[in-house]
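A quick write-up on the structure given underneath.
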Amino acid sequence: MATEDQSGNGGGVASATDTLTVTDNRTGQTYEVPIEDGTIRAMALRDVKVSDDDFGLMTYDPAFMNTASCRSSITYLDGDNGVLEYRGYPIEQLAEQSTYIEVAYLLIHGELPNQKQLDEWCHQITVHTFVHENVKTFIQGFRYDAHPMGMLLATVGALSTFYPDANRIMDEDVRYMNLIRLIAKMPTLAAFSYRHSMGQPYVYPDNELSYPANFLSMLFKMSESRYEPDPRLERALDILFILHADHEQNCSTSAVRAVGSSQVDPYSAVAAGVAALYGPLHGGANEAVLRMLRRIGTADNVPDFIAGVKEGKERLMGFGHRVYKNYDPRAKIIKAAADDVFEVTGTNPLLDIATELEKIALEDDYFVKRKLYPNVDFYSGLIYEALGMPVQMFPVLFAIPRTSGWIAQWLEMIQDKEQKIARPRQIYTGERSRDYVAMDARA
Ligand SMILES: CC(C)(COP(=O)(O)OP(=O)(O)OC[C@H]1O[C@@H](n2cnc3c(N)ncnc32)[C@H](O)[C@@H]1OP(=O)(O)O)[C@@H](O)C(=O)NCCC(=O)NCCS
């Protein structure tokens, strides 16, 4: 099979040696499988058969530990070296110099905007922040103690009913309009969910404010005629939004791609992403960090706690990552943002415990040997709390910026000629060909 350089991680022009030779010891037959970008095509193994009517060899990969499901040019992640880039731009530079709105443009369009493009993009997003009044009515229908993430999940899915043409996903103009709406309305839905859970009146968007400032206004505005957050808090939130905008093929992004591959509208696909993020293994680790810090109580208790972790009694939450085997670059940036936030809000005693934990763990052989470093969740919960967010809002705060990443990945998927409806295979382990047993004959 001919190969071509698609500039993936492996890259390079194929040569005659870019193949894998496999011998099937069942038959003694040898196969040559092309290697492209450091991968072989799972379908190439289908030719490996013991007989003509054999289905052919499959790969078995629960949790997709070693399977690339797409080609993507959006986010580059090198976990061993702690590198994260959006469209080739290092996360550190984006966090320092860009804004979330510009990053959303970059993720979706592939390039940084010029001033005119950025102004137009900001304008479009700003004028679509309002939601239909009926959305408000049905948020009111949730119980007083409904989890804001559950409300966000339901309302973002429900938006598809307000924009029935959203299922025309191959119409570029329609598609564009709906992706603008998604980015614009997520903070509004998130804030309405929060206000509902607090029993407070909903606050309409203020289109004079920046994206993060408007969100803070919708969360916290009470009787004042205008809510204007401290610029340091507004910037810290914007940085958190930048850091959470995309992270290549994680659980929620894979959910958006899989559901979107049925060609459903983008609201429903994004709702699938919100659902995946709702799970504690994905969007909830920062809450676990806060609970852990509270339990430790004071910095003096840190050595005992670490000893317990090393004995395997529990895990040091906010440490370790499936992909990063080095300092998560986002954790470094968040730590700096935390310092800025605490300058405004006053320091949180939990920060001293976190700092002490990090210091001890980074020097301890147990953590060094296992390449366990702080991840993005180690400090983010502390910042969210300092911004006045209750823990139920943590995954919601993750979902707002991740929407731009989900959309960028969804767009890439629906325009990728190689993609079809996602449909994994299975190894069937159940019973076969049993005759139905009448009720009175069952044991
Ligand atoms: C993120 C996480 C699930 C990744 O897990 P993983 O890649 O499957 O790694 P493993 O569970 O195989 O762990 C490898 C080794 O490190 C240890 N380890 C991993 N994370 C640890 C932690 N946070 N504290 C203590 N030990 C940890 C494991 O016990 C294991 O040790 P062993 O080889 O002696 O058995 C895991 O590091 C973790 O649970 N972290 C805490 C939760 C968290 O912060 N999640 C947010 C991720 S963004």
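In each ligand, atom 1 is the first atom listed, and ligand 1 is the first ligand listed. Atom set for the values below is all heavy atoms of this structure, side chains included, hydrogens, waters and symmetry mates excluded.
The shortest contact between atom 23 (N) of ligand 1 and any protein heavy atom is with Leu316 O, 2.7 Å. With respect to atom 6 (P) of ligand 1, the closest heavy atom belonging to the protein is Arg322 NE, 3.9 Å. If you check which protein heavy atom lies closest to atom 28 (C) of ligand 1, you get Arg315 NH2, 3.3 Å. Of all protein heavy atoms, the one lying nearest to atom 42 (C) of ligand 1 is Met317 CE, 3.3 Å. Nearest protein heavy-atom contact of atom 40 (N) of ligand 1 is Phe319 O, 2.9 Å. Nearest non-hydrogen protein atom to atom 1 (C) of ligand 1 is Gly320 O, 3.6 Å. If you check which protein heavy atom lies closest to atom 45 (N) of ligand 1, you get Ala285 CB, 3.6 Å.
Side-chain contact between Lys136 and Val131 is absent, with no heavy-atom pair separated by less than 4.5 Å. In this structure, the side chains of Tyr31 and Leu20 stay at 4.5 Å or more apart for every pair of heavy atoms.
By the definition of a contact as any protein heavy atom under 4.0 Å away, atom 14 (C) of ligand 1 is not in contact. Within 4.0 Å of atom 48 (S) of ligand 1, at least one protein heavy atom is present. Atom 9 (O) of ligand 1 is never approached by the protein to below 4.0 angstrom, counting heavy atoms only. Note that atom 20 (N) of ligand 1 has protein non-hydrogen atoms nearby, at separations under 4.0 angstrom.
Glu418 and Arg41 are joined by a salt bridge, as a carboxylate oxygen and a charged side-chain nitrogen come within less than 4.0 angstrom of each other. Between Glu412 and Arg257, at least one side-chain N (NZ, or NE/NH1/NH2) sits under 4.0 Å from a carboxylate O, which counts as a salt bridge. In summary, Glu287 and Arg291 engage in a salt bridge, as defined by a charged side-chain N under 4.0 Å from a carboxylate O. A salt bridge is absent between Lys221 and Asp206: the closest approach of a Lys/Arg side-chain nitrogen to an acidic carboxylate oxygen does not fall below 4.0 angstrom.
Only the side chain of Arg370 comes within contact range of ligand 1, with a heavy atom under 4.0 Å; no backbone atom does. By the criterion of a heavy-atom distance under 4.0 Å, neither the backbone nor the side chain of Lys313 is placed next to ligand 1.
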### Message
Could you go through Met218 and Arg195, starting from their C-alpha distance and side-chain angles, then the distance that decides it, and tell me whether this counts as side-chain contact (heavy atoms from CB on, under 4.5 Å)?
### Response
CA-CA 8 Å; Met218 289 189 290; Arg195 300 287 290 206; over 6 Å; no
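Residue Phe241 is tested with Tyr384, Tyr100, Phe398 for a ring-ring contact (aromatic ring centres under 6.0 Å, His included); the sole match is Tyr100. Exactly one of Leu277, Ile139, Leu189 qualifies for a side chain to side chain contact (heavy atoms under 4.5 Å, CB included) with Leu152. That residue is Leu189.
Distances from atom 27 (C) of ligand 1 to the heavy atoms of Asp328, Val289, Leu372 show the closest one on Leu372. Considering only non-hydrogen atoms, atom 26 (N) of ligand 1 lies nearest to Tyr366 out of Phe367, Phe378, Tyr324, Tyr366.
Close contacts of ligand 1 with Lys325, meaning ligand atoms under 4.0 Å from a residue heavy atom, involve 7 (O). The atoms of ligand 1 that sit less than 4.0 Å from any heavy atom of Asp377 are 46 (C), 48 (S). Close approach to Gly318 involves these atoms of ligand 1, each under 4.0 Å from a residue heavy atom: 43 (C), 44 (O).
Not less than 6.0 angstrom separates the ring centroid of His321 from the ring centroid of Tyr327.
Using a 4.0 angstrom heavy-atom cutoff, Val376 does not count as in contact with ligand 1.
When all heavy atoms are compared, the tightest approach of Met186 to Val156 is SD-CG2, 3.8 Å.
Proximity of a side-chain donor or acceptor of Trp410 to a complementary backbone N or O of Pro266 within less than 3.5 Å is not detected.
On a distance-only criterion, Val309 and ligand 1 share no N/O pair closer than 3.5 Å.
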